[in-house]
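Just below is one structure, and these are the notes that go with it.
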2 protein chains.
Amino acid sequence: MAKPGVSSKVGTAGDGPSESRRALVEAAIETLRIDGFARASARSISARAGCNQGLVFYYFGSVSNLLLAALDAVSADRLERYSAAVAATASPQELVEVAATIFREDLDAGYAKVLVEMIAGASSTPGLGPEVLARIAPWTAFAGRAIQGLVGESGLGSVVPAEEAAYGVVALYLGLEMLSHLDGDRANALALFERAKQLATLFGAFTGAIK
Amino acid sequence: MAKPGVSSKVGTAGDGPSESRRALVEAAIETLRIDGFARASARSISARAGCNQGLVFYYFGSVSNLLLAALDAVSADRLERYSAAVAATASPQELVEVAATIFREDLDAGYAKVLVEMIAGASSTPGLGPEVLARIAPWTAFAGRAIQGLVGESGLGSVVPAEEAAYGVVALYLGLEMLSHLDGDRANALALFERAKQLATLFGAFTGAIK
DNA sequence: GTCTATACTTGGATAGAC
DNA sequence: GTCTATCCAAGTATAGAC
């Protein structure tokens, strides 16, 4: 373990007060967001960060490791904040409303875009797939907990198991993110959240009635 | 219009009996499927096609145009076949069953993967987004017609408009494709189709009852 | 420990051979 | 009309300067 970049956990930081390293992670996020995976090269990222491209390899060992560090950076922050927001919800309507807010925020800030680019780009770099997958697992688990808390008490858990539904929710989320970015219009996706809110109200009345 | 590649419609073929051109389109599909957008270069594609890389630019003018031709090639064939299959369905259960078969086929053959790579890769090439979007529109319309035929006769069209639902269905489809490829396991996605089939049976009984 | 200059590889594009 | 040889730009990676 001679170089900082080949440590087991990518992007741990705390390796010292290196401004370049921090700037590279930030620039990697921006590059994935704006230019996409295919243009996320050591040269373009370092140019955005305002430092020499060789530093990518000094700090991270490879471009892939830098991109994974970028993914870690956006994930950690978001997962914590969103978990707190979801934990504070009591009804299905509230949950969907929080989900819609999260989606809008992700779309505007481009956080989910980073994830989508990494998933789609994973097939272009050997060994990247499992690493990306490991960083999605917490999100599927997060969605699973939210759904569990929603239907767990009613008998609906047997109709659609929480884990199964969570997989679908994450897939839908990623798909909406992709389409919204492609057509440059978030209205279609947001309309679906509005519709889901209406259905959640119905659902809430339903589960309340059979209790 | 000096070169064949800069004609208004990409990949029209019938421009002559050029084996190289056909091989390039085929190789582009394979490359997008296996190596992803980021590695879909003129060199790697032409190597797979067994011809000189300069031919990419001779026939298509640019790598992007070749990739779009590849997208056209998979789309035209699939859309025709799937439309016929869906038109032959009568009940919601049948529709979901056909959808599951299509999904399984797409996943195995990697057709939807080509689409996902092009969508995610679109942000890496200026001007590619609108071209890809234009090639997705027929699919959203296709999903819209299928859903319309399903709920159009009942009063449910007002609860969830067909166009809105179609957008969600396409997003879900793309998201499932992405996740399935990432974790190399189609079981999670297929389980959702099984669940949908059960719900479709319930739905069929419901709309039958209120008629 | 931090960073740069440099070596080598791959990719996009075209002028011109056949 | 079809294709290849060749040019230059962009990318990865590292040896070594500070």
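On a predicted model such as this, the values are computed, not experimentally measured, just so you know. Lettering follows sequence order; numbering is per chain, from 1.
For the 3.5 Å distance criterion, the side chains of Glu117(B) and Ser123(A) qualify, holding a donor opposite an acceptor. Between the side chains of Arg39(A) and Ser44(A), no donor-acceptor pair is found at a separation under 3.5 Å. Judged by distance alone, the side chains of Ser18(B) and Tyr59(B) do bring a donor and an acceptor atom under 3.5 Å apart. Looking at Asp77(A) and Tyr111(A), their side chains never bring a donor and an acceptor atom within 3.5 Å of each other.
Distance alone, capped at 3.5 Å, is enough to place a donor-acceptor pair between the Asn65(A) side chain and the Phe60(A) backbone. No donor-acceptor pair under 3.5 Å is formed between the side chain of Arg135(A) and the backbone N or O of Pro130(A).
We find that CZ of Phe57(B) is positioned 16 Å from C1' of dT2(D), with the value rounded to whole Å. Regarding Glu19(A), its CD atom lies at a distance of 13 Å from the C1' atom of dT2(C), rounded to whole Å. For the pair Arg43(A) CZ and dC8(C) P, the computed distance is 15 Å after rounding to whole Å. The CG-C1' distance, from Leu67(B) to dG12(C), rounds to 13 Å in whole Å. A straight line from CZ of Phe60(B) to C1' of dT2(D) spans 14 Å, rounded to a whole angstrom.
Of the residues in residues 29-41 of chain A, those lying under 4.0 Å from DNA chain D by heavy-atom distance are Ser41(A).
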Note to self: Evaluate Arg21(A) against Tyr58(A) for side chain to side chain contact (heavy atoms under 4.5 Å, CB included), listing each step before the verdict.
What the structure shows: CA-CA 9 Å; Arg21(A) 187 194 165 99; Tyr58(A) 169 65; over 6 Å; no
Check: Between Glu177(A) and Lys113(A), does a salt bridge (Lys or Arg N to Asp or Glu O under 4.0 Å) hold up when you go through it step by step?
Finding: CA-CA 7 Å; Glu177(A) 168 75 27; Lys113(A) 176 82 191 303; over 6 Å; no
Anything under 3.5 Å between a protein N or O and an N or O of nucleotides 3-5 of chain D, put it in a table, one pair a line.
residue	atom	partner	partner atom	Å
dC3(D)	OP2	Ser20(B)	OG	3.4
dC3(D)	OP2	Tyr59(B)	OH	3.0

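Nucleic acid contact class of Val63(B) (heavy atoms, under 4.0 Å, all strands): sugar-phosphate only.
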